[in-house]
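Both ligands and their constituent atoms are indexed starting at 1 by order of listing. As a basis for the values below, the full set of heavy atoms in this structure was taken, side chains included, without hydrogen atoms, waters or symmetry mates. Sequence positions, counted from 1, serve as the residue numbers for this chain. Keep in mind it's a predicted model, so treat the numbers as computed, not measured.
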Amino acid sequence: MAAHHILLLSKPKPKPSLFLYASKATFISVSSPFIRRHKSTQTVASSLGGVQISKQDVVKDEPTNNVPDLIIFTKLGLQLHRRDNHPLRILKNAIYEYFRSNYNNQFLKFDDLSPIVTTKQNFDDVLVPADHVSRSYNDTYYIDADTVLRCHTSAHQAELLRKGYTNFLVTGDVYRRDSIDSTHYHVFHQMEGVRVFSPNDWNGSGIDGTSYAANDLKACLEGLTRHLFGAVEMRWVDTYFPFTNPSFELKIYFQEKWLEILGCGVMEQEILKRGGKTDNVAWAFGLGLERLAMVLFDIPDIRLFWSTDKRFTSQFTKGQLGIKFKPFSKYPPCYKDMSFWINDSFTENNLCEIVRGVAGDLAEEVQLIDNFTNKKGKTSHCYRITYRSMERSLTDKEINELQWNVRDQVQRQMNVELR
Ligand code: DAH
């Protein structure tokens with residue numbers, strides 16, 4: 001089942017089973033352009049400044065570690081949202097500009113907080129229930145039992161409140177085990193916003209603090225949406241998040257479809273109370289930057305954000321939101337089907353994790369195309385894997401090798417019976 005990027009925490013999903021990577025213990029040293037080797041510590045980071053992550057922070061010989069090499073070596077520390085002329089940075093700056101001009105520079109901006117956080121920050125601090133699906137190993141990358149790659153920027157709300165900040169924006173990379181298609185990727189970017197009010201703000205308005213904050217929130221986000229999209233039709237939908245009450249989702253009508261663009265709400269009083277703010281009321285929102293950028297720049301596939309191909313990167317000029325991406329080519333896709341009898345611990349996220357581990361960004365989509373249960377109660381799934389490079393044509397030989405490798409890994413790691 002495909003998780004929804006920004007709204008994962010609002011959607012009930014079927015209970016996943018626990019799946020741990022058996023072969024995580026040994027670590028081969030790979031010479032990746034993204035790893036800078038220093039005298040004693042190796043950092044997994046680019047030269048953009050900001051967050052510095054050392055390999056020891058992520059590579060743990062722990063049975064609970066389910067972070068794949070692919071993330072460690074090719075994603076952590078890249079900070080696309082800080083890269084010059086990158087569409088995510090252009091979008092981040094456009095949002096900053098909205099807050100700067102409408103709120104008199106009151107919002108503090110954080111875009112260099114480490115994505116490595118405790119389970120307390122990621123879940124407990126924002127009141128995610130103990131049995132919530134997002135805490136499972138099937139959905140979240142764990143470094144050890146108490147440390148994760150943040151699955152949302154909400155992980156920083158409580159700590160920043162405790163530090164005394166009352167108006168802030170947090171931008172960062174977030175990580176989720178997820179399905180594979182043009183809009184889902186295991187790393188993406190979010191921006192979180194928080195604004196705290198004091199009784200002075202709503203006293204005299206004739207309405208209570210919660211209604212005051214909810215009105216202010218909606219006006220703020222409607223203004224932001226117009227700033228980014230121009231005159232577009234919008235719709236507010238009531239929803240549920242563990243950290244807000246009431247909670248809303250904002251949808252816009254774009255290219256003949258209603259598209260969810262963010263989640264938000266009035267912050268649960270308990271979060272404020274724990275942050276030492278008993279008399280206050282606050283709003284919060286979280287938006288997925290890729291989702292917005294794909295629409296604003298006409299970027300058809302989420303993998304493109306990671307491309308270093310000049311034909312992609314050269315199309316975006318600093319500060320220009322109106323640019324439309326012109327696809328430089330469309331190389332042919334190649335489809336490969338595989339069928340197997342699933343077992344009780346089978347999950348689609350685990351399958352996708354294996355496919356990504358083997359094929360990386362050459363995997364464009366993994367789709368369930370057939371599903372049946374026989375008389376003996378055994379269930380068979382048939383998945384279609386689409387392989388396609390965005391930068392070149394793939395050879396038959398190359399694709400066949402990938403597919404054999406996927407089959408082999410799926411059989412060995414997931415213990416399923418190939419058909
Ligand atoms: N953290 C939520 C997610 O990733 C998005 C979100 C919803 C953030 C509501 C918020 C909020 O701050 O108030 O699905």
Proximal atoms of ligand 1 relative to Gly265 (non-hydrogen, under 4.0 Å): 13 (O)
Electrostatic pair Asp361:Arg303 at N-O distance under 4.0 angstrom: no
Parallel, tilted or perpendicular: which one describes the rings of Phe340 and Tyr383, with boundaries at 30° and 60°? parallel
Heavy-atom contacts with Gln157 under 4.0 Å: which atoms of ligand 1 show up? List them by number with element. 12 (O)
Taking only heavy atoms of Phe243 into account, list the atoms of ligand 1 that are under 4.0 Å away from them. 1 (N), 2 (C), 6 (C), 7 (C), 8 (C), 9 (C), 10 (C), 11 (C)
Taking both backbone and side-chain atoms of Gly193, is any N or O found less than 3.5 Å from an N or O belonging to ligand 1? no
Can you tell whether the side chains of Asp124 and Arg135 come within less than 4.0 Å, N to carboxylate O? yes
Specify side chain, backbone, both or neither for Ala284, according to which of its non-hydrogen atoms lie closer than 4.0 Å to ligand 1. both
The reported gap from CZ in Arg388 to OH in Tyr335 (rounded to nearest 0.5 angstrom) is 6.5 Å
Counting each atom of ligand 1 from 1 as listed, which ones have a heavy atom of Gly263 under 4.0 Å away? 6 (C), 7 (C), 9 (C), 11 (C)
Among all residues two or more places apart in sequence or in another chain, which pass the side-chain hydrogen bond (donor to acceptor under 3.5 Å, both in side chains) test with Gln106? none
Heavy atom to atom 4 (O) of ligand 1, shortest distance: which of Glu268, Arg176, Arg150, Glu249 holds it? Arg176
Answer yes if the ring centres of Phe305 and Phe188 are under 6.0 angstrom apart, and no otherwise. no
Does Asn415 have any side-chain hydrogen bond (donor to acceptor under 3.5 Å, both in side chains) partners at least two apart in sequence or in another chain, and if so, which? none
Give a yes/no on ligand 1: does Met267 have at least one heavy atom closer than 4.0 angstrom to it? no
Any nitrogen or oxygen of Thr244 lying under 3.5 Å from a nitrogen or oxygen in ligand 1? Just yes or no. no
